[in-house]
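Here's the structure, in structure tokens; my notes come after.
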Amino acid sequence: MSEHVRPLDLPAPEILARELGLRLPVFQDIAWAGDTGSTNADLLARARSGVGAAKPWLLGTHLQNAGRGRAGRPWQNRTGSTLMFSCAYDVHLPAAQLPALSPLAGVVACEALRAVAGPRARGLCMKWPNDVQWHDAKLAGVLVETTRNPGGREAGYTVVIGMGINLRDADVLSRALGRDVADWTQVQAESDRQPDAADLVCASATAWHDAIQTLEREGFAAFKHRFDQVDALAGRPVNVLEKGDILLSGTACGVDEHGRLLVQTPEGASPISIGEISIRRQA
């Protein structure tokens, strides 16, 4: 970390919640906890109960002690090291279109963080389906989950989008995980702006809200060009893995109109759906 860059500090939960409430008038409920099990799980449980204010909702926490990554992997943090929050939105889409919400959330999060960091922070990109990276190191993880709203098919679904942005400790995390991990201090070192935590949360929450409305009207095809602008894998050799086994090798070549990754092989472009599948760049 550059000696001229200080890690972004998190204000007290009640102060951050109050600031977000002033800056996010479209959100009907905003809360920030000192600690909780999982912000995604909390919002999903609330949506399934059918109790509470109209959406959107936002819930953040300084400490998450039962967090989950993709495929249900456990994920934890220490207070102040990660900016963690989840947003819940109503969405009216056919069930077959719901998987597009995952790459959508990653594209839009990357765009939002670029907007906050400024034009010099072009190293922000997205690895399909939705990891936000700083160059080739993971900066933020995104988890998208949906549940049917009480009240039948016409009530639609709730989509909960959770994100954890590493604020510090990249070196420690990289050593512990055996792979490159980034944090926001590295972005700040190349940025011409010094945002605060509320800036990052507001930009992402607002962008997701707007993007979901566009998805409902126009489908994921409206985001294909935007995906291309942040795509970390474009033109790169990749292996498609399932439980550690290589299912497919080829070259990443964007996404289709459903948000599926396209992998070019000698037999043609194969669409890859979101699930237990992981993507790894070839050595």
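Given the structure is predicted, the values throughout are model-derived calculations rather than measurements. Throughout, residue positions are numbered sequentially from 1 according to the sequence presented.
- Shortest non-hydrogen contact noted between Leu44 and Glu145 is CD1-OE1, 3.5 Å.
- Thr36 and Asp42 are linked by a side-chain donor-acceptor pair at a separation below 3.5 angstrom, with hydrogens and angles left out of the test.
- For the side-chain contact (heavy atoms from CB on, under 4.5 Å) with Trp32, the lone residue among Met84, His62, Glu14 that qualifies is His62.
- Side chain of Gln28 to main chain of Val26: a donor-acceptor pair is present (N/O by atom type, distance under 3.5 Å, no hydrogens or angles).
- The minimum heavy-atom distance linking Asn130 with Ser102 is given by the pair ND2-OG, 2.7 Å.
- Proximity of Ile246 to Leu248: side-chain heavy atoms (C-beta onward) are nowhere separated by under 4.5 Å.
- The environment of CZ in Arg193 is crowded: more than 12 heavy-atom neighbours from other residues, nucleotides or ligands sit within 6.0 Å.
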### Message
salt bridge (charged side-chain N to carboxylate O under 4.0 Å, His left out) for Asp183 and Arg168? Distances and angles first, verdict last.
### Response
CA-CA 5 Å; Asp183 65 36; Arg168 61 187 79 200; over 6 Å; no
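- Using a 4.0 Å cut-off between charged nitrogen and carboxylate oxygen, Arg236 and Asp136 count as a salt-bridge pair.
- The closest donor-acceptor contact from the side chain of Asp199 to the backbone of Asp196 lies under 3.5 Å.
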Identify each donor-acceptor pair in which a side-chain atom of residues 108-115 lies under 3.5 Å from a protein atom, sequence neighbours left out, and give them as a table.
{"from": "Glu111", "atom 1": "OE1", "to": "Arg226", "atom 2": "NE", "distance (Å)": "3.4"}
{"from": "Glu111", "atom 1": "OE1", "to": "Arg226", "atom 2": "NH2", "distance (Å)": "2.7"}
{"from": "Glu111", "atom 1": "OE2", "to": "Arg226", "atom 2": "NE", "distance (Å)": "2.9"}
{"from": "Arg114", "atom 1": "NE", "to": "Leu124", "atom 2": "O", "distance (Å)": "2.8"}
{"from": "Arg114", "atom 1": "NH1", "to": "Gln229", "atom 2": "O", "distance (Å)": "3.2"}
{"from": "Arg114", "atom 1": "NH2", "to": "Leu124", "atom 2": "O", "distance (Å)": "2.8"}
{"from": "Arg114", "atom 1": "NH2", "to": "Gln229", "atom 2": "O", "distance (Å)": "3.4"}

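- Annotation for Val181 and Gln186: closest pair O-OE1, 4.2 Å, computed over non-hydrogen atoms.
- Comment: Arg23 engages Glu19 in a salt bridge, judged by a side-chain N to carboxylate O separation of less than 4.0 angstrom.
- One finds the CD1 atom of Ile212 at 12.0 Å from the CZ atom of Arg217 (value rounded to the nearest 0.5 Å).
- Using a 4.5 Å heavy-atom threshold, the side chains of Lys138 and Arg179 count as touching.
- With Val160 as the partner, the side-chain contact (heavy atoms from CB on, under 4.5 Å) test is satisfied by one option alone out of Leu59, Leu43, Thr146, Val144: Leu43.
- Considering every non-hydrogen atom in both Ala117 and Val187, the closest pair reads CB-CG1, 3.8 Å.
- Here Trp134 contributes atom CH2 and Leu139 contributes atom CG; the two are 9.0 Å apart, rounded to the nearest 0.5 Å.
- We find the OG1-CD1 distance between Thr39 and Ile161 to be 12.0 Å, quoted to the nearest 0.5 Å.
- Annotation: the span from Leu167 atom CG to Asp9 atom CG amounts to 9.0 Å, rounded to 0.5 Å.
- Under a 4.0 Å N-O distance rule, the pair Arg120/Asp192 does not qualify as a salt bridge.
- Within 6.0 Å of atom CD in Glu218, more than 12 heavy atoms from other residues, nucleotides or ligands are found, so the atom counts as buried in its surroundings.
- For the pair Ile30 and Trp57, the minimum side-chain heavy-atom distance is 4.5 Å or more.
- Of the inter-residue distances, the one linking Thr214 atom OG1 with Phe223 atom CZ reads 4.5 Å to the nearest 0.5 angstrom.
- Proximity of Ile272 to Leu247: side-chain heavy atoms (C-beta onward) are nowhere separated by under 4.5 Å.
- Across Leu83 and Ala197, no two heavy atoms sit closer than the pair CD2-O, 3.9 Å.
- A donor-acceptor pair is defined here as one N or O able to donate and one able to accept, closer than 3.5 Å; such a pair exists between the side chain of Thr265 and the backbone of Gly268.
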### Task
For Arg260 and Ser273, run side-chain hydrogen bond (donor to acceptor under 3.5 Å, both in side chains): C-alpha distance rounded to whole Å, both residues' side-chain angles, the deciding distance at 0.1 Å, then the answer.
CA-CA 5 Å; Arg260 298 177 299 184; Ser273 298; 4.7 Å; no
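- A 4.5 Å side-chain heavy-atom check between Trp128 and Val107 finds every atom pair outside the cut-off.
- Between the side chain of Glu257 and the backbone N or O of Ala221, no donor-acceptor pair lies under 3.5 Å.
- Between Tyr89 and His209, the ring planes are tilted. Angles from 30° to 60° get that label.
- Between the side chain of Glu216 and the backbone N or O of Leu93, no donor-acceptor pair lies under 3.5 Å.
- Contact annotation: the side chain of Ser86 never approaches that of Leu58 to less than 4.5 Å [non-hydrogen atoms, C-beta and beyond].
- Atom-to-atom distance recorded for Thr251:OG1 and Leu262:CG is 12.0 Å, nearest 0.5 angstrom.
- With hydrogens and angles disregarded, no donor-acceptor distance shorter than 3.5 Å links the side chain of His135 to the backbone of Cys125.
- Side chain of Ser38 to main chain of Ala41: a donor-acceptor pair is present (N/O by atom type, distance under 3.5 Å, no hydrogens or angles).
- Between the Asp169 side chain and the Ser81 main chain, no donor and acceptor come within less than 3.5 Å of each other.
- Contact of the Phe220 side chain with the Leu215 side chain is registered, since non-hydrogen atoms from C-beta on lie closer than 4.5 Å.
- A donor-acceptor pair shorter than 3.5 Å cannot be found between the side chains of Asp180 and Ser174.
- Side-chain atoms of Trp184 do not come within 3.5 Å of backbone N or O of Asn166 as any donor-acceptor pair.
- Using a 4.5 Å heavy-atom threshold, the side chains of Met126 and Phe227 count as touching.
- Ser49 places a side-chain N or O within donor-acceptor distance of the main-chain N or O of Arg46, the cut-off being under 3.5 Å.
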